[in-house]
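Let me begin by presenting the structure, written as structure tokens, before commenting on it.
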Amino acid sequence: MTAQSSPAEGGEPVPGPPGVDEGPQITYAECRRCGTQIAGLDGRYSCGVCGWVNHHSEGHRALPAAEDDTDAVKHLA
């Protein structure tokens, strides 16, 4: 089961079973600028209608560090 929320719930995710981390979750909210219903990952949103984005620190979980990016190209110094 995945955690999802609706605009009526204020963009907060509905918790899944305890002790299970299912990775990033799709969450829903209302755009603070134009009111369009938008979806995002873990509480991070971007509105395709008016261009509004919320600050990354407003998300529901911490962002991974650059060192944790397995797809990053390692450059020799």
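Just so it is clear, the values below take in all heavy atoms, side chains as well, and ignore hydrogens, waters and symmetry mates. Numbering starts at 1 and runs along the sequence shown.
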Quiz prompt | Residues in side-chain contact (heavy atoms from CB on, under 4.5 Å) contact with Val49, at least two apart in sequence or another chain | solution = Cys34, Thr36, Cys47
Practice problem: Using side-chain hydrogen bond (donor to acceptor under 3.5 Å, both in side chains) as the criterion, list what pairs up with Arg32, not counting sequence neighbours. | Solution: Glu58
Self-check item: Pairs involving residues 39-54, ordered by first then second residue, that meet salt bridge (charged side-chain N to carboxylate O under 4.0 Å, His left out) (sequence neighbours left out)
Solution: Asp42-Arg61
Quiz prompt | Stepwise side chain to side chain contact (heavy atoms under 4.5 Å, CB included) check, Ile26 with Leu41 | solution = CA-CA 5 Å; Ile26 297 174; Leu41 283 175; 4.3 Å; yes
Quiz item: Which value, rounded to the nearest 0.5 Å, describes the distance between Leu63 atom CG and Asp69 atom CG?
Solution: 11.5 Å
Exercise. Please name all residues satisfying side-chain hydrogen bond (donor to acceptor under 3.5 Å, both in side chains) with His55, sequence neighbours left out, ordered by chain then number.
Key: Ser57
Exercise. Please examine the side chains of Tyr28 and Tyr45, heavy atoms only from C-beta on, and report whether any two atoms are closer than 4.5 Å.
Key: no
Practice problem: Could I get the full list of side-chain contact (heavy atoms from CB on, under 4.5 Å) partners for Ala62, not counting sequence neighbours? | Solution: none
Quiz item: Has the side chain of Asn54 got a donor or acceptor atom that lies under 3.5 Å from a matching backbone atom of Ser46?
Solution: no
Quiz item: Quick one: SG on Cys50 to CD1 on Ile38, what's the gap to the nearest 0.5 Å?
Solution: 8.0 Å
